[in-house]
Amino acid sequence: MKEFRSDISGFYKLSMDERRKLLSELVNLNQDEIEILNTLGYFKPSQIDTLIENVVGSFQLPMGLAFNFKINNKDYIIPMVIEEPSVVAAASNAARMARKHGGFHSENVPSVMISQIQITQIHDIESAKKLISDNKDQILKIANEQDPLLNKLGGGALDLELRDLKTGKGKMLIIHLLVNVLDAMGANVVNTMAEAISPFIEELTKGKIYLRILSNLATHRIAKSKATFDKELLGGSEVVEGILNAYEFAAADPYRATTHNKGIMNGIVALTMATGNDTRAIESGAHAYASLSGQYSPLTKFALDSKGNLVGEIEVPLALGIIGGMTKIHPMARIALKILNVESANELSQVCAALGLAQNVAALRALASEGIQKGHMALHSRNIAKIAGVPENLVEKVAKKMIEENKIRVDIAKEILKKLSEGENL
Ligand code: MEV
């Protein structure tokens, strides 16, 4: 075994095989582990090696399908990539409850991204603002020259917003360049545009520009979806009352709102991941949006209709693309997009918002009735049995026994297995 040190230089210059060999010497991988590293699945080595740096393998996650979604009168099967049991089933279940009342109604999501330009060292902010406004056409022209194709297709730089900001280093002038990125997530194009217009803006304002980067708080790209969930299918008026109480709890308490929104993100992130979109961008945007009022709040709202059914609404920024980035490179993301059958980033975001709402309703329904653990337990218990080394033909039996005993642990699974192999009738 090699001396373990982390200051390894030039790792990226090695071939993938050489990297794995070096790694296995460093951390003493056994043959099975090396084989797992070697399994790239559907990725070609040349493909995966260029996605990020220092690649040694590929990390797989399950992709499941959520059913029953009807959104704006169109049926969807939604691919979800997530490691957590019960999430996919829960989404399908809530979608079934909404389907009875026509499904989800999602609004159009404009694909408008914000790129921020930070101007410092300006003595007279008001005159700088005027200069920028007077030269807006020229600034947008320079921005649009960076992507003539986007322009031809009907997208491109649209407008500027000017914000003055008090900071610990004095006043700054922040420009928001608004860009219609059409079917892309848009990070590349808006960053390129922001960099391209900055020299002209520096010349105009005589200020010093530092950052030129998109904002992940995509407030011009808000997805909204609404649905009515059937009272009886939810479990009756007592459960509905519990959901309304859960919502008010989240609206009043950031500790609860965080978990409430986590449930929403179970759906949103699983679809973001399945379609090869940037999950971190979506997460940071959603949580920032949830805090815009000054208090971290739930991303959904609930009320009753005249018949006592639950009406749910979601509002969340969603910067999702169906072209660019990983969406077209990742073989499974391409299949996910085919399953979804969406024609635009707008449509994908409409589906994603509906999924987030369904996921939230499913979680609140479980919490307001039998509790969340019941649904989790069957799968969890099977997983624990497998971890304990229970052979495939006995997994179900051991899992069931652990649920009966209300003790789902590896040591208990081993104990049950031992009793079974000693011929005990359980
Ligand atoms: C678990 O992944 C998500 C929940 O905690 C969401 C919630 O509490 O609303 C069940």
Side-chain angles (χ1 to χ4, degrees), residues 61-66 69 78-98 104 223 225-227 229 231 233-235 238-274 279-280 282-291 295-304 310-316 318 352-384 403 408:
L61 283 172
M63 182 164 94
L65 299 179
F69 278 85
I78 306 186
M80 299 176 71
V81 172
I82 187 162
E83 85 302 339
E84 186 175 329
S86 301
V87 169
V88 175
S92 302
N93 201 15
R96 187 174 54 85
M97 297 170 189
F104 297 82
S225 191
K226 190 172 179 177
F229 298 85
K231 174 176 81 175
L233 292 178
L234 279 165
E238 189 51 38
V239 176
V240 173
E241 180 61 19
I243 295 176
L244 292 176
N245 274 284
Y247 161 62
E248 294 298 343
F249 179 11
D253 177 23
Y255 284 89
R256 174 56 210 156
T258 306
T259 323
H260 178 106
N261 288 343
K262 191 274 182 185
I264 295 170
M265 300 315 280
N266 276 346
I268 288 181
V269 170
L271 176 56
T272 301
M273 186 81 115
T279 54
R280 290 86 56 212
I282 295 296
E283 289 272 12
S284 57
H287 296 300
Y289 193 66
S291 326
Q295 170 167 329
Y296 186 87
S297 306
L299 292 162
T300 49
K301 276 203 276 225
F302 291 99
L304 295 181
L310 183 75
V311 181
E313 280 178 67
I314 186 167
E315 202 178 297
V316 58
L318 288 178
C352 199
L355 176 61
L357 175 59
Q359 207 69 63
N360 184 223
V361 168
L364 298 186
R365 191 211 58 80
L367 289 168
S369 49
E370 76 268 8
I372 209 75
Q373 287 308 83
K374 190 168 166 239
H376 274 153
M377 278 311 131
L379 268 172
H380 177 58
S381 185
R382 268 183 242 134
N383 286 339
I384 293 293
I403 292 173
I408 299 168

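In this chain, residues are counted from 1 in sequence order. Note that the structure is a prediction, hence the values are computed from the model and not measured. In each ligand, atom 1 is the first atom listed, and ligand 1 is the first ligand listed.
- Side-chain contact of Y247 with H260: a donor-acceptor pair under 3.5 Å is absent, judged by distance alone.
- Below 4.0 Å from some heavy atom of K262 lie the following atoms of ligand 1, by number and element: 1 (C), 2 (O).
- Proximity of L234 to V361: side-chain heavy atoms (C-beta onward) are separated by under 4.5 Å at one or more points.
- Side chains of H380 and I384 form a contact here, defined as non-hydrogen atoms less than 4.5 Å apart.
- For ligand 1, the atoms closer than 4.0 angstrom to any heavy atom of L367 are 7 (C), 8 (O), 9 (O).
- In this structure, atom 7 (C) of ligand 1 lies nearest to the protein heavy atom R256 NH2, 3.4 Å.
- In this structure, a donor-acceptor pair under 3.5 Å is absent between the side chains of S284 and R280.
- Atom 10 (C) of ligand 1 has as its closest protein heavy atom I372 CD1, 3.7 Å.
- Taking distance alone, with nitrogen or oxygen atoms compared against 3.5 Å, E84 approaches ligand 1 more closely than that limit.
- Here the closest heavy-atom approach between residue A91 and residue M80 is recorded as CB-SD, 4.3 Å.
- Contact of the L355 side chain with the I268 side chain is not registered, since no non-hydrogen atoms from C-beta on lie closer than 4.5 Å.
- Looking only at protein heavy atoms, the nearest one to atom 3 (C) of ligand 1 is N266 ND2, 3.6 Å.
- In this structure, atom 5 (O) of ligand 1 lies nearest to the protein heavy atom T259 CG2, 3.5 Å.
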